[in-house]
Number of protein chains: 2
Amino acid sequence: MDSLLDRQFSALADPTRRAILARLARGEATVGELQRPFGISQPAISRHLKVLESAGLIEGGKAAQARPRRLKADALDDARQWIDGLRTLWSDSFDQLDAFLKATEGKAE
Amino acid sequence: MDSLLDRQFSALADPTRRAILARLARGEATVGELQRPFGISQPAISRHLKVLESAGLIEGGKAAQARPRRLKADALDDARQWIDGLRTLWSDSFDQLDAFLKATEGKAE
DNA sequence: GTGTTATATAACTATCATGTTATATGCAAG
DNA sequence: CTTGCATATAACATGATAGTTATATAACAC
């Protein structure tokens with residue numbers, strides 16, 4: 001039972017899945033269209049798509065013989081926010097160091 | 001032989017490692033200090049740190065009895081850029097759709 | 001109905017990840 | 001030089017991941 005964030009980051013950890021996302025960012029595509037560029041089997045693609053879907057990154061075609069997938073609009077917002085949050089923590093800690101240095105300035109040496 | 005980006009994203013996929021990064025964003029810490037909050041063994045922490053280091057996210061203490069780790073300044077720049085790149089592709093494709101809709105406006109129906 | 005196409009699922013295999021405990025290393029204190 | 005502390009590494013169990021081939025399902029074409 002892992003979190004959405006877990007699933008998003010581990011979805012991104014695979015280069016094939018990143019390539020699929022990059023392809024889908026240009027527009028929707030079917031399983032067959034996605035398969036061709038990569039040298040791997042169709043079931044392998046289907047499973048990558050399942051992983052991406054359960055990470056909330058893509059959404060599935062309604063139904064038909066072909067069911068095209070597309071990027072979700074808010075895809076990766078969570079991941080991005082986490083990274084930004086870390087950066088904020090990080091720069092705040094520098095601000096604190098700055099403040100400390102300013103406060104103690106001239107007292108040493 | 002996987003890329004830095006692979007390593008960064010898979011490093012982030014683990015909640016323990018994300019917590020470690022969050023802790024280190026506040027300032028450097030030793031293995032012992034990192035271990036306490038989590039209920040896992042010291043070797044497990046050491047290995048998480050190794051993963052984070054090989055992803056270029058943290059850097060190691062010089063040497064001593066205790067060797068504190070700290071966040072690297074440019075940590076996650078690569079991951080962040082990849083996500084931003086995807087978002088750019090995505091919004092460009094919307095711009096193109098917009099342009100298309102504007103161009104064909106009034107011609108249909 | 002039968003056949004064809006697009007996709008999903010099952011069963012299996014190989015590799016990788018994460019945790020454990022036990023042990024080694026490196027440094028500091030006495 | 002021995003003891004103790006902080007960390008690293010080895011060896012192992014277990015579960016997850018990513019690929020394979022073979023088969024099932026669903027919709028369309030005839």
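Throughout, protein chains are lettered first and strands after them, A, B, ... in sequence-line order, and every chain is numbered starting at 1.
In this structure, A/Thr30 reaches the sugar-phosphate backbone alone: every heavy-atom distance under 4.0 Å involves primed, P, OP1 or OP2 atoms, never a base.
In this structure, the CG atom of A/Asp6 is 16 Å from the P atom of C/dA17, given to the nearest Å. When the P atom of D/dA18 is taken as reference, atom CZ of A/Arg18 falls 12 Å away, rounded to whole Å. In this structure, B/Leu34 atom CG and D/dA8 atom P are separated by 11 Å, rounded to whole Å. When the P atom of D/dA16 is taken as reference, atom CG of A/Asp2 falls 9 Å away, rounded to whole Å. Atom-to-atom, CZ of B/Phe38 to P of C/dT18 comes out at 14 Å; the value is rounded to the nearest Å. One interatomic measurement links the two molecules: CZ of B/Arg67 to P of C/dA28, which rounds to 10 Å at whole-angstrom precision. Distance, B/Glu53 CD to D/dT7 P: 14 Å, rounded to whole Å.
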Could you pull out every donor-acceptor pair under 3.5 Å between side chains of residues 27-34 of chain B and any protein atom, sequence neighbours left out?
| from | atom 1 | to | atom 2 | distance (Å) |
| --- | --- | --- | --- | --- |
| B/Thr30 | OG1 | B/Glu33 | N | 3.2 |
| B/Glu33 | OE1 | B/Thr30 | N | 2.9 |

Using residues 42-50 of chain B as the side-chain source, report each donor-acceptor pair under 3.5 Å to any protein atom, sequence neighbours left out, with the distance given to one decimal.
| from | atom 1 | to | atom 2 | distance (Å) |
| --- | --- | --- | --- | --- |
| B/Gln42 | NE2 | B/Ser46 | OG | 3.2 |
| B/His48 | ND1 | B/Arg17 | NH1 | 3.1 |

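Here the closest heavy-atom approach between residue B/Ala11 and residue B/Leu52 is recorded as CB-CD2, 4.1 Å. Of all heavy-atom pairs spanning B/Phe38 and B/Thr16, the tightest one is CZ-O, 4.1 Å.
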Show the distances under 3.5 angstrom between N or O atoms of the protein and N or O atoms of nucleotides 19-24 of chain D.
| from | atom 1 | to | atom 2 | distance (Å) |
| --- | --- | --- | --- | --- |
| D/dG19 | OP2 | A/His48 | NE2 | 2.5 |
| D/dG19 | N7 | A/Arg47 | NH2 | 2.4 |
| D/dG19 | O6 | A/Arg47 | NH1 | 3.4 |
| D/dG19 | O6 | A/Arg47 | NH2 | 2.9 |
| D/dT20 | OP2 | A/Ser41 | N | 3.0 |
| D/dT20 | OP2 | A/Ser41 | OG | 2.4 |

Return the polar atom pairs (N/O with N/O) between nucleotides 2-5 of chain C and the protein under 3.5 Å, or none.
| from | atom 1 | to | atom 2 | distance (Å) |
| --- | --- | --- | --- | --- |
| C/dT5 | O2 | A/Gln65 | NE2 | 2.7 |

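Taking only side-chain nitrogens and oxygens, B/Lys50 never comes nearer than 4.0 Å to OP1 or OP2 of D/dT7.
The salt bridge (charged side-chain N to carboxylate O under 4.0 Å, His left out) contacts involving residues 74-85 of chain B comprise A/Arg80-B/Asp84, A/Asp84-B/Arg80, A/Arg87-B/Asp77, B/Arg80-B/Asp84, where partners must be two or more places apart or lie in separate chains.
The CG atom of A/Leu5 lies 8.5 Å from the CG atom of B/Leu12; values are rounded to the nearest 0.5 Å.
With sequence neighbours left out, B/Ser3 forms a side chain to side chain donor-acceptor pair (under 3.5 Å) with B/Asp6. Every residue two or more places apart in sequence or in another chain that forms a side chain to side chain contact (heavy atoms under 4.5 Å, CB included) with A/Ala25 is listed here: A/Leu71, B/Leu86, B/Leu89, B/Trp90.
Judged by distance alone, the side chain of A/Gln8 and the main-chain N or O of A/Ala55 form a donor-acceptor pair under 3.5 Å.
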